[in-house]
Amino acid sequence: MTTVHHYKANLRDIFFNLFEVLDIGATTLGRGPFVAMDEGTAREALTGMLDMVQEAWAPSFAAGDREGTHFDGKGTVTLPAGYLKALQAFYEGGWNNLELPERLGGFGAPPSVSWAGFELLSGANPAVVYYLLGNFHVKLIDRLGTEDQKRRYVQGILKGHWGGTMVLTEPDAGSDVGAGTTSATHVAGDEYHLTGVKRFITNGDFDYGSNIVHLVLARPQGAGPGTKGLSMFLVPKFWVEEDGSLGARNGAVVTNLEHKMGIRGSATCELTLGAETPCRGLLVGGVHNGIAQMFQVIEYARMGVGTKSMATLSTAYLNALEYTKLRKQGADLTKVTDKAAPRVEIIRHPDVRRMLMLQKCFAEGLRALVLFTAKTQDEVMLRGGSDAPEARAAEALNDLLLPLVKGYSSEKVYELLATSLQCFGGSGYCEDYPIEQYIRDQKIDSLYEGTTHIQALDLFLRKIGRDRGATLEGLLGQIKTTIEELAGTPELAEERAALEQGLLELRGILGVMLGKLAQSIYFVGLEANRVLFAVAELVIGWRLVVGAQVAHRKVASAVEGEAAFYRGKLAAARFYVRNVLPGIGLIRQLVAKSDLELMTLPDEAF
């Protein structure tokens with residue numbers, strides 16, 4: 001394998017989840033839309049992608065951060081040189097085909113395999129990965145576009161490696177998307193002229209690929225207020241003629257570039273529409289259904305953000321692990337009074353071992369959560385897509401899990417990256433090691449695509465509330481089944497008891513919240529984050545214990561290297577159920593004792 005730079009992947013754990021725990025070789029691959037891919041092909045594809053990112057993506061991680069993007073003041077953004085090499089390697093290797101269906105010339109990989117690949121990309125260089133959004137746009141246009149829009153855009157994106165953006169935020173309308181004022185004036189057919197200013201547009205311009213397709217939310221003249229009045233438009237950087245050829249520069253122009261604490265190689269742009277040149281756009285699908293259409297992009301982005309956070313924690317942990325095995329400092333604690341005692345590697349110190357295991361159980365637990373969610377997306381597609389009646393339960397479960405993947409992962413990883421840095425001591429604070437950049441690059445994850453609290457409100461009010469908890473009950477029922485199965489494995493009795501207690505405590509939290517909600521909606525605002533954390537921590541614990549079940553069955557007969565891996569899975573699950581799951585009981589106490597004093601406190605008292 002190519003020399004590793006900063007990035008340390010855990011392909012063994014990815015394969016463990018995909019093929020030993022989720023068993024996609026038997027349940028997903030070779031079936032339905034994934035008929036062309038078998039387990040051997042999936043393993044080979046992910047191994048090849050890892051080689052590619054180590055060769056072409058990881059080397060520009062730090063260099064691209066130092067160099068940053070460059071804006072000429074006239075609407076053009078140029079990327080760090082290493083990013084162009086990374087994108088070229090991605091497309092020349094055909095890696096864009098991994099997530100594309102066969103009918104679009106792709107490999108036909110299921111979401112479980114595609115998201116595993118996304119982990120490798122975002123772990124190696126997170127600032128580069130969102131320059132690939134055009135690859136998702138082609139699937140969206142193929143699904144939602146008119147026949148004319150498909151003819152003009154699909155092959156152009158595929159052959160020209162066009163970029164893609166999602167354009168929602170405005171200077172005075174951030175998370176409150178429905179307050180947007182960008183307007184759309186009808187010209188003829190599905191063509192409109194857009195006017196307005198959008199802000200925080202990820203990769204709003206860059207110098208790779210022959211075009212960029214912006215998906216823009218705007219309000220047609222005469223449309224109502226709020227999100228329901230918004231429509232979605234295809235707005236290209238260069239106009240796409242009816243025959244698919246590129247025409248004149250369109251009036252969607254970058255007018256400013258944000259200077260950020262992290263992901264500095266990702267161009268975060270102000271995009272001005274229709275200021276000097278008409279900004280031409282096509283109404284997606286010829287229908288005014290903008291927020292529902294855009295949510296398909298948002299949900300993809302939220303899954304990507306959560307996966308990116310998990311990938312960052314994983315490589316941070318593995319970097320910290322390597323350092324603690326090499327760095328010698330201090331004597332063994334049992335010999336601390338012996339001034340002549342030999343210095344030991346810091347992994348021998350109890351607190352360092354505690355920090356390492358905390359990172360390990362969350363890095364692997366979050367990966368298990370992400371891939372379980374991805375497997376749920378497999379099920380949606382295997383059952384005919386979200387419009388098929390038999391797929392609705394899987395679709396609802398995916399919707400329930402996304403706030404956990406995005407909201408909890410992004411919040412928890414930021415906290416744990418400080419633990420990764422702590423393992424390095426003062427050296428971790430320096431640019432010699434990647435942890436300080438990991439922290440800067442990851443912090444954005446709890447902010448964009450819906451802040452942590454927005455994810456929490458979405459979970460409680462929409463994902464749990466809309467079907468009166470039926471989908472959540474289905475998920476908790478799966479956890480209950482695992483608890484029952486564990487009765488036959490006395491070696492995992494502690495894990496079984498902890499899961500059972502965690503399930504009891506979560507049900508208590510939900511019961512308390514229903515009573516609080518009857519008193520005031522403010523209780524949801526005050527406590528929804530805790531509900532999100534409790535649900536996520538129970539589900540992560542469950543997935544770790546399911547992995548421990550598999551490891552328990554295999555460890556005794558495994559060869560030494562594999563046995564060590566399985567022992568690590570058992571140790572991570574046990575550490576988690578002892579040190580994390582009991583916190584759900586504390587959350588229950590805090591929620592029960594909550595009041596509305598903060599809401600009546602005068603502003604001047606803050």
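Since the model is a prediction, treat every value here as computed from it, not as a measurement.
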- Message: Using ring-ring contact (aromatic ring centres under 6.0 Å, His included), reason through H6 and Y438 one step at a time and then give a plain yes or no.
- Response: CA-CA 10 Å; H6 81 97; Y438 287 163; 5.6 Å; yes
Is there a side-chain contact between [X] and [Y] (heavy atoms, below 4.5 Å)?
X: W162; Y: I212; value: no
X: T482; Y: L486; value: yes
X: M355; Y: V352; value: yes
X: M303; Y: V370; value: yes
X: L87; Y: V128; value: yes
X: N579; Y: L358; value: no
X: L382; Y: P33; value: yes

- Would you call the rings of F118 and W115 parallel, tilted or perpendicular, where under 30° means parallel and over 60° means perpendicular?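 F118 vs W115 ring planes: perpendicular.
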Can you find a side-chain donor-acceptor pair between [X] and [Y] that sits under 3.5 Å?
X: E119; Y: T307; value: no
X: K260; Y: T268; value: yes
X: N319; Y: S420; value: no
X: Q442; Y: T312; value: no
X: N203; Y: S266; value: yes
X: E364; Y: Y576; value: no
X: Q455; Y: Y408; value: no
X: R264; Y: Q437; value: no

Look up atom [atom1] in [X] and atom [atom2] in [Y], then write down how far apart they are to the nearest 0.5 Å.
X: K412; Y: L404; atom1: NZ; atom2: CG; answer: 13.5 Å
X: F61; Y: R66; atom1: CZ; atom2: CZ; answer: 8.0 Å
X: K8; Y: E322; atom1: NZ; atom2: CD; answer: 3.5 Å
X: E449; Y: Y300; atom1: CD; atom2: OH; answer: 12.0 Å
X: I157; Y: H137; atom1: CD1; atom2: NE2; answer: 7.5 Å
X: D445; Y: I263; atom1: CG; atom2: CD1; answer: 7.5 Å

- Verdict with reasoning, Y433 to Y323, per ring-ring contact (aromatic ring centres under 6.0 Å, His included): CA-CA 10 Å; Y433 296 95; Y323 183 83; 5.4 Å; yes
- Message: Tell me whether the count of non-hydrogen atoms from other residues, nucleotides or ligands lying under 6.0 Å of CD in E20 goes above 12.
- Response: yes
- Item | Check against salt bridge (charged side-chain N to carboxylate O under 4.0 Å, His left out), E494 and R578 | CA-CA 9 Å; E494 184 174 349; R578 287 176 173 175; 2.6 Å; yes
- Could I get the full list of side-chain hydrogen bond (donor to acceptor under 3.5 Å, both in side chains) partners for N529, not counting sequence neighbours? H453
- Task: Not counting sequence neighbours, which residues clear side-chain hydrogen bond (donor to acceptor under 3.5 Å, both in side chains) with T202? List them please.
- Result: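 T202: no side-chain hydrogen bond (donor to acceptor under 3.5 Å, both in side chains) contacts found.
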- Query: Between L11 and T47, is a side chain to side chain contact (heavy atoms under 4.5 Å, CB included) present by the stated rule, with each step listed?
  - Reply: CA-CA 8 Å; L11 196 59; T47 302; 3.7 Å; yes
- Evaluate the criterion salt bridge (charged side-chain N to carboxylate O under 4.0 Å, His left out) for residue pair D378 and K375; output intermediate values, then yes/no. CA-CA 5 Å; D378 293 354; K375 177 63 165 62; 5.4 Å; no
For this output row, return yes or no: ring centroids of [X] and [Y] closer than 6.0 angstrom.
X: Y131; Y: Y208; result: no
X: Y429; Y: F424; result: no
X: F565; Y: F16; result: yes

- Looking only at heavy atoms, which two atoms of P126 and D441 are closest? And how far apart? CG-OD2, 4.0 Å
- Task: Could you tell me whether E299 and K406 make a salt bridge, using a distance below 4.0 angstrom between a side-chain N and a carboxylate O?
- Result: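 A salt bridge is absent here (no side-chain N lies under 4.0 Å from a carboxylate O).
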- Task: Answer yes or no: is there an ion pair linking E560 with R567, defined by an N-O contact shorter than 4.0 Å?
- Result: yes
- Message: With side chain to side chain contact (heavy atoms under 4.5 Å, CB included) as the criterion, how do E379 and L397 come out once you've worked through the C-alpha distance, each side chain's angles and the decisive distance to 0.1 Å?
- Response: CA-CA 10 Å; E379 292 298 317; L397 178 58; over 6 Å; no
When you measure from the side chain of [X] to the backbone of [Y], do you find a donor-acceptor pair of N or O atoms at a distance under 3.5 Å?
X: W57; Y: A86; answer: yes
X: S114; Y: P110; answer: yes
X: N398; Y: Q377; answer: no
X: T376; Y: F372; answer: yes
X: K463; Y: D458; answer: no
X: S410; Y: G407; answer: yes

- Query: By ring pair (Phe, Tyr, Trp, His ring centres under 6.0 Å), which residues pair with F34, not counting sequence neighbours?
  - Reply: none
- Trace of the salt bridge (charged side-chain N to carboxylate O under 4.0 Å, His left out) decision for K85 with E92: CA-CA 10 Å; K85 178 182 176 181; E92 285 186 352; over 6 Å; no
- Message: Out of the candidates L18, I14, L22, N17, only one should pair with S112 under the side-chain contact (heavy atoms from CB on, under 4.5 Å) rule; please name it.
- Response: L18
- For L400 and L459, run side chain to side chain contact (heavy atoms under 4.5 Å, CB included): C-alpha distance rounded to whole Å, both residues' side-chain angles, the deciding distance at 0.1 Å, then the answer. CA-CA 7 Å; L400 179 75; L459 174 69; 3.6 Å; yes
- What's the verdict on side chain to side chain donor-acceptor pair (under 3.5 Å) for D432 and S427, showing C-alpha distance, side-chain angles and the deciding distance? CA-CA 7 Å; D432 308 69; S427 295; over 6 Å; no
